[in-house]
Amino acid sequence: MDRFPLHMKVNGTQMTVDVDPGMRLLDVLRDVLGLTGTKEGCGEGECGVCSVILDGKIVDSCLVLAPQVQGREIITIEGVARNGELDILQEAFLEAGAVQCGFCTPGMILAGKALLDKNSHPDRREIARAISGNLCRCTGYAKIVKAVELAAARRSGKEGATGA
Amino acid sequence: MLEGGVVGQSVQRVDGLVKVTGESYFAADEKVPAALVLKVLRSRVAHAVVKRIDISEAEKIPGVVRVFTYADIPGENSYGIMVKDQPVLTDKIRFIGDAIALVVAENPDAARKGAEAVKVETEELPPLYDVWSAMAEGAPPIHDKGNILTVGRVKKGDAAAALSRADVVISRLYRTQRVEHLYLETEAGIAYPEHNGLTIKVSTQNPHYDRRDVARVLGLPMNRVRIIQTPTGGGFGGKLDISVQCFLALAAWKLRRPVRMLYDREESFIATAKRHPFIIDYTSGANREGQLLAVKVRIIGDTGAYASYGPATLIRAAVHATGPYEVPSVDIEGLCVYTNNPFSGAMRGFGTPQMAFAFESQMDLLAQALQISPLEIRRRNILRPGSATATGQVLSDSVGIAKTLAAAWEKACQVMPGLGGENQ
Amino acid sequence: MKKHGYGIGNMWYGVGNTAAPNPSGAFVDFLDDGTVIVLSGCADIGQGSSTVLAQIAAETLGVGLENVAVIAADTEVTPDAGATSASRQTYISGNAVRFAAEKAREQVIAQAAERLNLPADNVSLKDGQIWHQDEPTGTKIQDVIAQCRSKGILTLGQGWFNPVTTKLDPLTGQGAPYATYAFATQVAEVEADTETGVIEVKRIVAAHDVGRAINPQNVEGQIEGGCIMGMGYALLEEVAVNQGRIENPALSTYLIPTALDIPEMFPVIVEDEEPSGPYGAKGVGEPALVPTAAAIANAVADALGIRLYDLPLTPEKIVAAIRAAAEESELGLNG
């Protein structure tokens, strides 16, 4: 198949890459752009380790084909920290002990971010639902839920402080 | 003395930062220029002898660099942590998923097509899908030494006599299932020739063991094989065995080229160890006061086609079969049996979660029969400093079961509104 | 109808390989800027061993954790630490690192004692300083190391540890297969739906005797993760094999617990110190999961008054058992 120019915004940078239209977004990110923070766990949209944020929504990048992201905006784990400074969520994951093997971590952080960007005061059930497409075999999820709660509290604290 | 020290503190994990930023390089993230990729042709039948392998068509496929079979192994064609019974590439098939040929190619597509083009002629043998047919007289041996791999025994006192004296005897048959570890990172690694030797970077729980078996398979001294563990996305016992290591080693060493390999989820399911399914025949006897007098336990573990950690699983199951209780007389046997099923090996707990299901069910059944509470029967039997275990080991220090039982119950009474009263 | 039940699961678990040698080795290099390199073959697979080994080295050498780098699991560089299995790494590799650090420390203490004209027995290392009895001397550890180097003394240590065990008698299994055992009690609360057979685990209390928690948050993480893996084992997971073939080799057909399935968990750390362990520690990785299915099965039996003997306790099996029990009691009434 002929390659085509794919225009997209990845982690804030507008870019164009020539790719095969049959390519999965996951492979565009990992193999073309070298953004290996996005992992592959099952290739069938069941585990969520390949999660990225597409136009504000969490998606499994193994289920998205390159043409589907034409002109759209993608955030991967590499785009969460800004200027070498960790995002509140990343800090909360470290503090709450939400990281063990780390393989689900990028997807989990992005799932948490997609939630908090829309809902700044989620309850536990909402957090669990937001990360329910992301499997973790190490932590038993409890500390991941706590990390998202902690980040939510800190974010709204910060917003409150600056917004007042 | 230790106040203010770092031991006992919930410090953040030392590898945490790179894991939250996505920088952590798992094996599949390693960037290796010009690496060839590997694909294994796996058996679709469970028990057979390989008569002939024709790789000629496969090697003609564009992008296929080489196809290896059992005839290409430079050293010993066998590995295994406890028993060297598993071939890298086999000429006798023992389960659906056994590795027959290794295709080295320039890209995954060519590797897959190459594997499909390998022709294998086999002569099928009667498959043995359960431990009973595997142990039956005249069953075809899956390995040369027969199908009962190990028998582990723990015997103390006269269990039969003690059971005949017991006020209450409970006998039940328990069955547990085969389980997958399901670490989120599937097996992956890269290999390249380096310094007159070979380097393999791989997702593993067991790098020094990997070195031993890779050296054995390549016929190299151990100091020319270097294993570097990459950040490992979970293991739970499933990455204690060899998975991709010997395939990577064979291809990189013979071709003197960098190679990489990644199992997809299906291959990770099919080609790696599982938790042993157990059949447990458990008899417990206690006196009227609820004191355990004896247990008789027969355990059969289906270790499938290869030993992996099977012997360790069954002996640990036998040693722990009483649970954390003082039992004066025991008669315990654990059999580790080969079948033509997917192989079983180490998984978190090595046979003890299976046994806990049985011995803790037994405790509740005894309590019910004696009309005492589940908590009370446990209090009366738990190991304490000075207790002798089933193997006759007298425990002295750090026997914390009385404390955990008390602490768990206290906490449970606080957080479980319906608990208390009649359960005590 | 929904019925509640409660169940206890006790467990014990011998730390390390069964009745077999399983040593671990480590090297510690105490550098002249006060930082430390630990070399250990111990593979961290997410459970956190590199963090625990860093804590043990930092504690032993009296420096901050930020000064310790752990280089792990590279066979060309690190000594054999055995497998990351059998819940053995904190106990066994932890000891190896502690002993290696103690050897490096001996050199520093001897030099400090000479320099400050103090008896070595009263000298210790803490907070980056040389201490005399319970007081800091103001002398920095790194200055003493620099002095060692200037005299040609390297502050290097190697250590190894093999737990004391015996072989088991082949006929009777008698012997001492492990140097120490971890213990635990879990209590599970379930809600059983008698119509659908669905079991919901509401709460799990998990009290684990780990000897000493080197890193309590890590221990809790192990316990919570183990409980959920154990819950999957009890209720959900089974590799279906038919005629030797795995029928569900995919995440769409082999289900594990998700964030929506988890009960409230209450980890309780019990510390009954093990004298032979590093700072009293034993292990927790596997114990975390060992009693969970047992506790859940007992809770299900408590809820339903019916006991099942085959794992996993799927809704189909529960419903069938309820029906069978109902039929039996009907027969009993009629007969």
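What you see is a predicted model, and the numbers here were worked out from it, not measured in a lab. In what follows, chains carry the letters A, B, and so on, assigned in the order in which the sequence lines appear, proteins first and then strands, with residues in each chain numbered from 1.
For B/His195, the part sitting under 4.5 Å from any heavy atom of chain C is the side chain, from C-beta outward, and nothing else. For a residue to count as touching a neighbouring chain, one of its non-hydrogen atoms must lie under 4.5 Å from one of that chain's; by this rule B/Thr204 touches chain C with the backbone only. With a threshold of 4.5 angstrom between heavy atoms, C/Val77 approaches chain B through side-chain atoms but not through N, CA, C or O. Neither the backbone nor the side chain of B/Ala346 comes within contact range of chain C; no heavy atoms are under 4.5 Å apart. For B/Arg153, the parts lying under 4.5 angstrom from a heavy atom of chain C are both the backbone and the side chain. For chain B, the nearby parts of C/Val187 are the backbone and the side chain; heavy atoms of each come within less than 4.5 Å. For a residue to count as touching a neighbouring chain, one of its non-hydrogen atoms must lie under 4.5 Å from one of that chain's; by this rule B/Ile81 does not touch chain C. When heavy atoms are compared at a cutoff of 4.5 Å, B/Lys274 approaches chain C solely by way of its side chain, counted from C-beta outward. Only the backbone of B/Ala390 comes within contact range of chain C, judged by heavy atoms closer than 4.5 Å. Looking at B/Phe95, there are no atoms closer than 4.5 Å to chain C (heavy atoms on both sides), in backbone or side chain. Looking at C/Ile214, both its backbone and its side chain come within 4.5 Å of chain B, counting heavy atoms on both sides. Contacts of B/Gln368 with chain C are absent, with no heavy-atom separation under 4.5 Å from either backbone or side chain.
The backbone N or O of B/Met416 lies less than 3.5 Å from no partner atom in the side chain of C/Glu189, so there is not a single donor-acceptor pair. Panel note: side chain B/Arg226, backbone C/Asp74; no donor-acceptor pair is recorded below 3.5 Å. Between the side chain of B/Arg13 and the backbone N or O of C/Gly46 there is at least one donor-acceptor pair closer than 3.5 Å. Of the possible polar contacts, one joining the C/Gln174 side chain to the B/Lys155 backbone as a donor-acceptor pair under 3.5 Å is found. The backbone N or O of C/Glu237 sits less than 3.5 Å from a side-chain atom of B/Gln177, completing a donor-acceptor pair. A side-chain donor-acceptor contact under 3.5 Å links C/Lys282 to the backbone of B/Ser398. When atom types are taken as modelled, the side chain of C/Glu273 and the backbone of B/Asp397 share no donor-acceptor pair closer than 3.5 angstrom. Here the side chain of B/Asn206 pairs no donor or acceptor atom with the backbone of C/Gly82 at under 3.5 angstrom. For the pair B/Gln229 (side chain) and C/Ala43 (backbone), a donor-acceptor distance under 3.5 Å is absent. Listed for the C/Thr172 side chain is no donor-acceptor partner under 3.5 Å among the backbone atoms of B/Val154.
Residue with the most contacts toward chain C among B/Leu240, B/Asn340, B/Thr199: B/Leu240 (heavy-atom pairs, distance under 4.5 Å). Between chain B and the options C/Leu171, C/Asp80, C/Thr60, C/Asp134, heavy-atom pairs under 4.5 Å are most frequent for C/Asp80. Taking C/Ala213, C/Gly14, C/Ala54 one by one and counting their heavy-atom pairs under 4.5 Å with chain B, the maximum is reached by C/Gly14. Here C/Ala73 is the residue among C/Ala73, C/Ala72, C/Ala294 with the most heavy-atom pairs under 4.5 Å with chain B. The most heavy-atom pairs under 4.5 Å with chain C, out of B/Ile270, B/Thr389, B/Asp15, B/Val399, come from B/Val399. Contact tally against chain C (heavy-atom pairs below 4.5 Å) for B/Ile280, B/Leu365, B/Asn223, B/Asn341: the top residue is B/Leu365. Counting heavy-atom pairs under 4.5 Å between each of B/Val225, B/Leu395, B/Leu182, B/Asp331 and chain C puts B/Leu182 at the top. Interface summary for chain C: among B/Tyr209, B/Phe359, B/Phe236, the most heavy-atom pairs under 4.5 angstrom belong to B/Phe236. Each of C/Asn242, C/Val210, C/Leu168, C/Ile45 has some count of heavy-atom pairs under 4.5 Å with chain B, and the biggest count is that of C/Ile45. Most heavy-atom pairs under 4.5 Å with chain B, from the set C/Asp209, C/Thr75, C/Ile256: that is C/Thr75. For the set C/Ala207, C/Ser124, C/Ala19, the entry with the most heavy-atom pairs within less than 4.5 Å of chain B is C/Ala207. Listed options B/Gly97, B/Pro207, B/Gly304, B/Ala312 were ranked by heavy-atom pairs under 4.5 angstrom with chain C; first place goes to B/Pro207.
The shortest distance between side-chain heavy atoms of B/Tyr174 and C/Asp310 does not fall below 4.5 Å. C/Met11 has its side chain out of reach of B/Ile401: every pair of non-hydrogen atoms, C-beta onward, lies at least 4.5 Å apart. Looking at heavy atoms from C-beta onward, B/Thr404 lies out of side-chain contact with C/His208 at the 4.5 angstrom threshold. Side-chain contact check for C/Arg245 versus B/Tyr129: every heavy-atom pair is 4.5 Å or farther apart. Within the 4.5 Å cutoff, the side chain of C/Gln217 has no heavy atoms near those of the B/Gln12 side chain. Side-chain contact between C/Asn218 and B/Ser10: absent, with no pair of heavy atoms (C-beta onward) separated by less than 4.5 Å. The shortest distance between side-chain heavy atoms of C/Thr84 and B/Lys239 does not fall below 4.5 Å. A 4.5 Å side-chain heavy-atom check between B/Met363 and C/Asn10 finds every atom pair outside the cut-off.
Ring geometry, C/Tyr178 versus B/His320: the interplanar angle falls from 30° to 60°, so the pair is classed tilted.
In plain terms, the two heavy atoms of B/Gly418 and C/Tyr6 that are nearest each other are CA-OH, 3.0 Å. Residues B/Phe357 and C/Leu308 come closest through the heavy atom pair CZ-O, 3.7 Å. In terms of heavy-atom proximity, B/Val14 sits nearest to C/Thr51 at N-OG1, 3.0 Å. Smallest separation of non-hydrogen atoms from C/Val290 and B/Ala356: O-CB, 3.5 Å. Contact detail for C/Glu59 and B/Val7: the closest heavy-atom pair is OE1-N, 2.7 Å. Contact detail for C/Pro177 and B/Thr391: the closest heavy-atom pair is CD-OG1, 3.5 Å.
Here C/Arg307 pairs with B/Asp364 in a salt bridge; the nearest charged N to carboxylate O distance falls below 4.0 Å.
A cation-pi arrangement, defined by a distance under 6.0 Å to the six-membered ring centre and an angle within 45 degrees of its axis, is present between B/Arg275 and C/Tyr233. B/Arg316 forms a cation-pi arrangement with C/Tyr13, by the criterion of a distance under 6.0 Å to the ring centre and an angle within 45° of the ring axis.
Separation of atoms CG (C/Asn298) and CD (B/Gln362) is listed at 10.5 Å; rounding is to 0.5 Å. Atom CD1 of C/Ile71 and atom CD1 of B/Ile228 lie 11.5 Å apart (nearest 0.5 Å).
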Derivation and outcome, side-chain contact (heavy atoms from CB on, under 4.5 Å), residues C/Val241 and B/Arg178: CA-CA 9 Å; C/Val241 174; B/Arg178 190 178 273 105; 3.6 Å; yes

Worked verdict on B/Leu383 versus C/Phe183 for side-chain contact (heavy atoms from CB on, under 4.5 Å): CA-CA 10 Å; B/Leu383 294 165; C/Phe183 296 90; 4.1 Å; yes

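With sequence neighbours excluded, the residues forming a salt bridge (charged side-chain N to carboxylate O under 4.0 Å, His left out) with C/Glu264 are C/Arg203, listed by chain and number. In this structure, the side-chain contact (heavy atoms from CB on, under 4.5 Å) partners of B/Arg212, at least two apart in sequence or on a different chain, are B/Met222.
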